[in-house]
Amino acid sequence: MSRRAVVYLYTQTGQLREVAEAFVAPLEADGWRIRWVDVQPRVAFPFPWSVRQFFGVFPRAVDPDALVELAEPAGGFGAERDEQEVVLLAYQVWYLSPSLPIRSLVAGHPEIFENRRVISLIACRNMWYSAAIEVAGLLRTAGARRVEVVAATDTRHQAASLVTTLRWLLTGKREPFLRFGRAGVGDAELARVTAVGRSIAGQGNCPADAAPIVPMLAAADLFAGRLFRNWGVTVRWAERYGAAAYAASLVMFVFGLAIGIVAGLPLIGGAALAGGARFETWISGAVNRRISLGESTVQEAARHERAIQ
Ligand SMILES: Cc1cc2nc3c(=O)[nH]c(=O)nc-3n(C[C@H](O)[C@H](O)[C@H](O)COP(=O)(O)O)c2cc1C
């Protein structure tokens, strides 16, 4: 098996770098050679975000065709044409989609992924499912040979992680406050990601739990992902009718989002409970089929797509 990997990484707070380092540590200990390529947009996204910027990026984030220009890294994007080198694609989720710089990398530089084994390394709050499906589609189009997913999330209670993540993104403060813990991916998740890296170094494969699927979150994510993309179309359409129409459509999104979180999530949670094991099997299958590709890729992926339609 190849003992070389390249990590493509864009991170605002450094969280994703921590997760990627946790993943590659056992590979390095096993003698793997790791290259790091920093992905940076030409025009930086803000951090911390202002409320206006945070919601203002929504229409582009959920538009599968929206790309940003990337700064060319010193050695170029795909310097080594070594097809045995494993590609680690580290990304975070923005509004249930891959972040704009990473979507731009995959859509704009398919040659990096062509005929390669790609391991996606996701770090986000807890909803990564629709984003992973979008990225798998892009990687399939790019001709990736094999795609696997490793996901690290904030495993605290939904409501708590919503508060701490928003506070972190809008103020830059990540540390515990009041009764809330530290925002973001915790130590137990980092340890789990290291165990996944160890498994790749040892047996060459991702373990089955590399990206644990939480049925209720997965169902909410797939449902909301579709709504987000449709609402994004509405916001971009409203933009043509001036600043007031644009602002109104965004405000409606924010209210809709709040209602969805307060009322929609418990509803889906109730449905998930009622559906029991059958629901879990169905949603896990639906997600797994769409986020990963096997060795024979294109034909196999097409078969998967047909099977779930
Ligand atoms: C604009 C924006 C939207 C986000 N949307 C989501 C989301 O839909 N689901 C999620 O789990 N996390 C979401 N997050 C959290 C990020 O995935 C990520 O955890 C956080 O931005 C820190 O990542 P970084 O420092 O590696 O860039 C969002 C963050 C931003 C900035």
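We're numbering straight along the sequence, starting at 1. Each ligand, and each atom within it, is numbered from 1 in the order the structure gives. All values derive from a computational prediction rather than experimental measurement.
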Could you tell me whether D38 and R17 have a side-chain N and a carboxylate O separated by less than 4.0 Å?
yes
Results of side-chain contact (heavy atoms from CB on, under 4.5 Å) for L67 - residues two or more places apart only
R103, S104, A107
Regarding Q158 and R125, do their side chains bring together a donor and an acceptor under 3.5 Å, going by distance alone?
yes
Using a strict 4.0 Å threshold on nitrogen-to-oxygen distance, state whether E85 and R35 make a salt bridge.
yes
Sorted by chain and residue number, the ring pair (Phe, Tyr, Trp, His ring centres under 6.0 Å) partners of F177 (sequence neighbours excluded) come out as F180
Applying salt bridge (Lys or Arg N to Asp or Glu O under 4.0 Å) as the test, list every pair that has at least one member in residues 230-240; sequence neighbours left out.
D63-R236
Non-hydrogen atoms closer than 4.0 Å to ligand 1: which protein residues do they belong to? List them by chain and number, please.
T11, Q12, T13, G14, Q15, L16, W49, F54, V57, Q92, V93, W94, Y95, L96, A123, C124, R125, N126, M127, W168, L169
